[in-house]
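What follows is a short report on a single structure.
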Amino acid sequence: MSLTFIELAIFLAAAVVAVPITRWLGLGAVIGYLIAGVVIGPFGLGLVYDVEAIMHFAEFGVVMLLFLIGLELQPRRLMIMRRQILGLGLGQLIVTAVPLVGACIALGLGTTEALVLGFALSLSSTAFALQILAEKNQLATRHGRGAFSILLLQDIAVIPMLALLPLLAVGEAAPEWGDVAKALVAIAALVVLGRYGLRYALRVVARADTTEVFIALSLLTVVGAAMLMEWAGLSMGLGAFIAGVLLADSEYRHALQVHIEPFEGLLLGLFFIAVGMAVNLGLLAEMPLAILGLVTGLVTIKAAAIYALARRTKMAPMAALRLATVISQGGEFAFVLLSAAVGAFILDQRTADIAILVVSVSMLTTPLLYIAVEALDARRAVRDLPEYDKPPREEPLVIIAGFGRVGQMIGRILVAKKIAFAALESNPQQIDFMRRFGAKVYYGDSSRLDILRAMGIDKASAFVLTVDDVERSLATARVVREHFPDLPIYARARDRRHAYRLMDLGIDLIERETFHSSLVMARQVLEGVGLTDGEAARAVETFREHDIDHLRRSQKHHTDEQRLIYLAKQAAEELEELFAQDAASDAAPERQAAE
């Protein structure tokens, strides 16, 4: 089946109606997509029936999500968070999965079925939990960082589980040793190609400076890695994840992230709609008390296990309760694992349908439970974290747009003072050269808001604009000033006209490219022709102050060439008069001494 225009319109209309409503109600976008799918699916209005075909297409949204997760796994970032990830994250997976596996066995499932289902149910919703924490501005809190560590470990753990599912398959789906060898060869080929071929391809395309071609290569990277793994009989998501990890330290990481995210968001929304379409409302009508009991059991087991683990790690009671509540639901990767398990004949369709329904309903409980927890803590004053408990600052304190001659010198000084910065450059050759010397330089167009956000501009304390191209410099300044009006911008201007146009945008901290070097050379020339050090310094300082004042006075007339010519002549006369006055004041003491 192919997606028709009518069905596409139905999906878009359902999302446009449902998601804003659920966001307004505080339930999040994921619930909106699920409800939209339920309404238009075969158990709702019956507007779309072929759920399996839609799901097969929509799963590519999860593939892209795994690629983006791989891009985030920089070795430096993992080293900083290693204790929380391996301690809290791995601990959560164990203390949650073990009782859930036991519960599944108690309900009559076989060992393999219980292992797969218990692990799937132990996962929480990354999109759902982080959205709640972000909306409440709690990502930087102790429980917010704990939730991020747990969710990151869960996302990583999904990869080996997806890879192992074919090995756990039974019946006709069971793999042979030849299939295992084929899978290992595919993984090795992907690593080699990603490590040595992909960066070269990105560099070549970046030199073409054509955005749509770079987007095409970004998508081809994800699609190609996914197809290679599918050919080997493994999960498509595994290939995308490996490709993302291989590019996590690449200078093209931010650009790839920005180009992939819109497609990932749309396809992931389609995936959730497809999951909603697959929710069997007949089961809910058939066994409402059983479903309610299973949801209650799932949320209770997960919340209790996470709360106990959080308290074990010395987390405050209320923070532990918030953590336990925000990740007590089932997650989106449970849908992926359940679908793959059915395809591998590990789970039967009815068991998977019940599990999907339980996970979907559990998501509905999280916003309500979190509101209840917030009410319990309403009287507690918000306190800053103690100094020793603050997270290490990962965002750059300074962002440098343009890493040419000026940007490099500023960067070297910042490095010497141990001030964190990140640089954005659009010239691939320049990036290659600077990264050989260890500079943290990334590829991207500094005039694009999405790339600036990916660089961490929201958390930056200063923005240094040293882009060589005047039009791109102005475009960047316009975007930063419009969207981040309180962020200080330190701009380099190529000449007076460039400075005028920057001033039109409300930028005051401007340094003209050759202004100070010209003043230094002029002072040396004056000293060389016989002026004393003091006379040369005073002459240069007089000129500097007068020129800056003239620049500011003439700025509002810079589009009127006749007016500028008049003001320039007037400024020259004023400067000549100032030098004459200065010479007269120097001569006065000499005349007095002679008399």
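Residues take their numbers from the sequence shown, with the count starting at 1. Excluded from the calculations below are hydrogen atoms, water molecules and symmetry mates; all remaining heavy atoms, backbone and side chain alike, are included.
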side-chain contact (heavy atoms from CB on, under 4.5 Å) partners of [X], counting only residues at least two apart:
X: T296; result: L292, T300
X: I94; result: L90, V98
X: A97; result: S122
X: L289; result: none

Within a reach of under 6.0 Å around CE of M287, are more than 12 heavy atoms found that belong to other residues, nucleotides or ligands?
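Enclosed.
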Starting at [atom1] of [X], measure out to [atom2] of [Y] and round the result to the nearest 0.5 Å.
X: L347; Y: T112; atom1: CG; atom2: OG1; result: 10.0 Å
X: L256; Y: L219; atom1: CG; atom2: CG; result: 10.0 Å
X: S328; Y: Y370; atom1: OG; atom2: OH; result: 11.0 Å
X: Y33; Y: I35; atom1: OH; atom2: CD1; result: 13.0 Å
X: T221; Y: L193; atom1: OG1; atom2: CG; result: 11.0 Å
X: S125; Y: I327; atom1: OG; atom2: CD1; result: 11.0 Å

Salt bridge (charged side-chain N to carboxylate O under 4.0 Å, His left out) partners of residues 103-121, not counting sequence neighbours, each pair once
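Sorted pair list comes back empty.
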Heavy atoms only: give me the nearest [X]-[Y] pair and the separation to one decimal.
X: S124; Y: L151; value: CB-CD2, 3.9 Å
X: A243; Y: A225; value: CB-CB, 4.0 Å
X: P20; Y: A15; value: CD-O, 3.6 Å
X: P317; Y: Y307; value: O-CE1, 3.5 Å
X: L309; Y: G91; value: CD2-C, 3.4 Å
X: P288; Y: A285; value: CD-O, 3.5 Å

Are any non-hydrogen side-chain atoms of [X] and [Y] less than 4.5 angstrom apart?
X: F67; Y: L247; value: yes
X: M161; Y: V116; value: yes
X: I21; Y: V17; value: yes
X: V101; Y: T111; value: no
X: L337; Y: L123; value: yes
X: M277; Y: F11; value: yes
X: M363; Y: L34; value: yes

Under a 3.5 Å distance rule, please check whether K302 uses its side chain to pair with a backbone N or O of L100 as donor and acceptor.
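Here the side-chain-to-backbone pair does not exist.
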When you measure from the side chain of Q154 to the backbone of L93, do you find a donor-acceptor pair of N or O atoms at a distance under 3.5 Å?
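No.
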Could you walk me through whether L369 and V326 pass the side chain to side chain contact (heavy atoms under 4.5 Å, CB included) check?
CA-CA 8 Å; L369 291 173; V326 81; over 6 Å; no
Sequence-distant partners of R312, salt bridge (charged side-chain N to carboxylate O under 4.0 Å, His left out), two or more places apart
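Applying salt bridge (charged side-chain N to carboxylate O under 4.0 Å, His left out) to R312 gives none.
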Throw together a table of side-chain donor-acceptor distances under 3.5 angstrom for residues 349-357, partners on residues two or more places apart or in other chains.
| unit_1 | atom_1 | unit_2 | atom_2 | d |
| --- | --- | --- | --- | --- |
| Q349 | NE2 | D353 | OD1 | 2.9 |
| R350 | NH2 | E286 | OE2 | 3.0 |
| T351 | OG1 | D348 | OD1 | 3.0 |
| T351 | OG1 | D348 | OD2 | 2.9 |

Show your working on side chain to side chain contact (heavy atoms under 4.5 Å, CB included) between H143 and L321 and close with a plain yes or no.
CA-CA 9 Å; H143 64 276; L321 184 58; over 6 Å; no
What side-chain hydrogen bond (donor to acceptor under 3.5 Å, both in side chains) pairs are there with at least one residue in residues 93-110, not counting sequence neighbours?
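Every pair satisfying side-chain hydrogen bond (donor to acceptor under 3.5 Å, both in side chains) with a residue in residues 93-110: Q92-T96.
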Strictly by side-chain hydrogen bond (donor to acceptor under 3.5 Å, both in side chains), give each pair with a member in residues 357-366 just once, sequence neighbours left out.
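For residues 357-366: Q329-T366.
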Under 3.5 Å, side-chain donor or acceptor atoms of residues 450-457 against the rest of the protein: list the pairs with distances, not counting sequence neighbours.
| unit_1 | atom_1 | unit_2 | atom_2 | d |
| --- | --- | --- | --- | --- |
| D450 | OD1 | R448 | NE | 3.3 |
| D450 | OD2 | R448 | NH2 | 2.7 |
| R453 | NH1 | D458 | OD2 | 2.8 |

For R311, all residues meeting side-chain hydrogen bond (donor to acceptor under 3.5 Å, both in side chains), sequence neighbours excluded:
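Counting only residues at least two positions away or on another chain, R311 forms no side-chain hydrogen bond (donor to acceptor under 3.5 Å, both in side chains).
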Partner set under ring pair (Phe, Tyr, Trp, His ring centres under 6.0 Å) for F214, not counting sequence neighbours:
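Here the qualifying residues are H259, Y443.
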Is there a side chain to side chain contact (heavy atoms under 4.5 Å, CB included) between M315 and L323 once you walk through the steps?
CA-CA 10 Å; M315 191 175 291; L323 174 62; 4.0 Å; yes
